[in-house]
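Each ligand, and each atom within it, is numbered from 1 in the order the structure gives.
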Amino acid sequence: MPTYNKKNIEDIDVAGKRVLVRCDFNVPQKDGKITSDKRIVEALPTIKYLMDKGAKVILCSHMGKPKGQVNPKYSLCAVAARLSELLGKEVPLCADTVGPDAKAKAAALACGEAILLENTRFDAREEKNDPELAREMASMADIFVNDAFGAAHRAHASTAGVADYLPAVCGYLIQKEISVMGKALSDPSRPFVAILGGAKVSDKLNVIDNLLGKVDTLIIGGGMAYTFLAAKGGSIGTSLFDAEKVDYCREMMAKAEKNGVKLLLPIDTTITKDFPDPIDAELEVSYVKSTEIPADMMGLDIGPKTRELFAEAVLGAKTVVWNGPMGVFENPTLAKGTIAVAKALAASSAITIVGGGDSAAACEQLGFASEITHISTGGGASLEFLEGRDLPGISCLLDK
Ligand code: AMP
């Protein structure tokens with residue numbers, strides 16, 4: 001597991017300098033309108049700091065998957081407009097990423113002003129981390145700031161390659177990921193409890209393996225728990241089951257025992273006959289022991305006793321990391337396990353960290369976000385962080 005101690009924007013003199021800032025402005029849009037500006041709002045502290053310090057700010061980001069082709073559907077046009085509103089200052093969108101318009105606008109920037117380059121993925125060289133594209137991006141600036149944690153697990157020209165040509169530091173978002181999540185994984189206050197959920201064991205193999213070397217208690221809920229329960233000889237009915245991962249689950253249970261890690265699995269389960277269709281359909285549910293699920297029933301959430309068991313484990317913790325829902329939380333009847341975990345984290349005085357994606361959305365929708373120490377701004381990136389993998393968008397930055 002890499003321990004990151006990277007320079008940030010406050011460690012470098014930015015006044016009067018051209019600063020290329022990689023943001024994650026990949027916001028959800030419908031009919032050309034932004035449906036959540038959260039990622040733009042989260043990027044503001046770094047952008048404002050640089051503008052206030054008199055930097056000439058050149059912002060860039062990807063949007064969607066235009067596959068290396070210019071496609072107006074994936075333009076950053078709406079982002080530039082929203083950013084201008086939020087900053088109370090016009091942020092012009094360049095017609096290209098490293099073309100003549102971007103270069104002219106970057107050259108004409110005054111101190112304290114910002115421009116936005118067009119979608120970095122309009123250039124096929126971006127995702128190949130092409131050094132020529134990275135060099136062209138770098139040629140417009142004096143300093144590189146990476147603040148796109150959501151893209152930090154990808155080695156692309158604008159997330160990592162450009163750091164080969166410019167002094168590179170992190171913005172506030174990546175700084176917080178490093179200082180909270182990085183610290184929890186490298187030097188946690190104990191007891192350290194991790195809670196994993198979500199659909200499949202196979203998506204979190206390396207996370208489970210890595211965390212078993214770090215935590216005091218590992219809690220497994222969600223669809224992935226049933227393969228563990230089956231590996232212990234339980235009857236799991238028609239619940240999610242990954243036959244190829246049964247041996248892996250046994251291996252992980254043995255590793256937990258060897259490392260003295262308490263591995264908590266659901267003791268009871270919320271069952272139904274069929275998977276809800278539509279997903280939010282009204283349901284009749286019942287509760288059974290999680291190793292005694294009838295052959296024609298499926299487990300779709302943890303049960304009431306497990307909610308208590310998991311909440312109790314959180315209560316005694318000093319550090320808690322959570323990634324993945326405890327059940328099919330899209331259905332209100334099957335969201336109770338996920339809500340119970342979110343509540344337990346919100347009520348805890350421990351350092352609480354929620355990985356991106358569904359669990360982050362659950363905390364926000366339930367209004368618990370402000371009670372959590374840190375909600376990661378990256379789904380895939382936060383999982384790779386939990387796996388102990390090196391994140392190219394962070395390792396490329398200057399050490400303190
Ligand atoms: P992930 O993307 O791996 O975090 O998984 C999230 C998805 O897992 C959500 O869409 C949940 O509905 C689904 N999920 C959680 N628990 C179960 C379960 N017991 N059976 C089926 N799907 C589940």
Side-chain angles (χ1 to χ4, degrees), residues 28 150 153 194-211 218-231 234-243 245 248-249 264-281 283 285-294 296-307 310 321-342 345 353-366 375-387:
H153 56 316
I195 307 165
L196 294 179
K200 290 187 263 153
V201 182
S202 48
D203 290 340
K204 303 211 170 127
L205 296 178
N206 298 325
V207 179
I208 297 169
D209 195 14
N210 187 42
L211 288 176
L218 180 62
I219 295 177
I220 295 184
M224 62 196 282
Y226 299 99
T227 305
F228 277 89
L229 292 163
S235 306
I236 59 162
T238 56
S239 310
L240 270 185
F241 176 58
D242 193 343
K245 293 293 173 279
Y248 173 85
C249 291
L264 290 184
L265 293 169
I267 48 174
D268 62 345
T269 290
T270 304
I271 54 169
T272 68
K273 192 129 188 86
D274 300 299
F275 195 86
D277 180 24
I279 191 85
D280 59 351
L283 286 179
V285 298
S286 47
Y287 306 108
V288 292
K289 275 194 185 170
S290 44
T291 47
E292 293 175 13
I293 301 176
D296 59 343
M297 302 292 271
M298 65 175 73
L300 292 176
D301 190 14
I302 58 176
K305 291 190 183 123
T306 307
R307 282 181 232 146
F310 289 1
V321 170
W322 175 33
N323 192 300
M326 295 292 102
V328 181
F329 72 105
E330 296 92 337
N331 184 295
T333 311
L334 303 170
K336 291 180 181 149
T338 303
I339 293 174
V341 166
L345 260 73
I353 300 167
V354 177
D358 292 331
S359 16
C363 287
E364 271 146 20
Q365 279 158 25
L366 294 164
I375 297 188
S376 177
T377 51
S382 90
L383 262 189
E384 291 201 16
F385 215 157
L386 292 178
E387 287 177 3

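Annotation for Thr338 and Met326: closest pair OG1-N, 2.9 Å, computed over non-hydrogen atoms. Shown here for Ile279 and Glu330, the closest heavy-atom pair between the two residues is CG1-CB, 3.5 Å. The minimum heavy-atom distance between Gly221 and Phe310, with the atom names listed, is CA-CE2, 4.4 Å.
Using modelled atom types, one side-chain atom of Thr270 and one backbone atom of Ile302 make a donor-acceptor pair closer than 3.5 Å. A donor-acceptor pair is defined here as one N or O able to donate and one able to accept, closer than 3.5 Å; such a pair exists between the side chain of Asp268 and the backbone of Thr306.
Contact check for Ser382 versus Asn323: side-chain heavy atoms found under the 4.5 Å cut-off.
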For ligand 1, which of its N or O atoms have a protein N or O partner closer than 3.5 Å, and how long is each gap?
residue, atom, partner, partner atom, Å
ligand 1, 3 (O), Ala199, N, 3.2
ligand 1, 5 (O), Ala199, N, 3.0
ligand 1, 8 (O), Ala199, N, 3.3
ligand 1, 10 (O), Glu330, OE2, 2.5
ligand 1, 12 (O), Glu330, OE1, 2.7
ligand 1, 12 (O), Glu330, OE2, 3.3
ligand 1, 16 (N), Gly223, N, 3.1
ligand 1, 19 (N), Gly299, O, 3.1

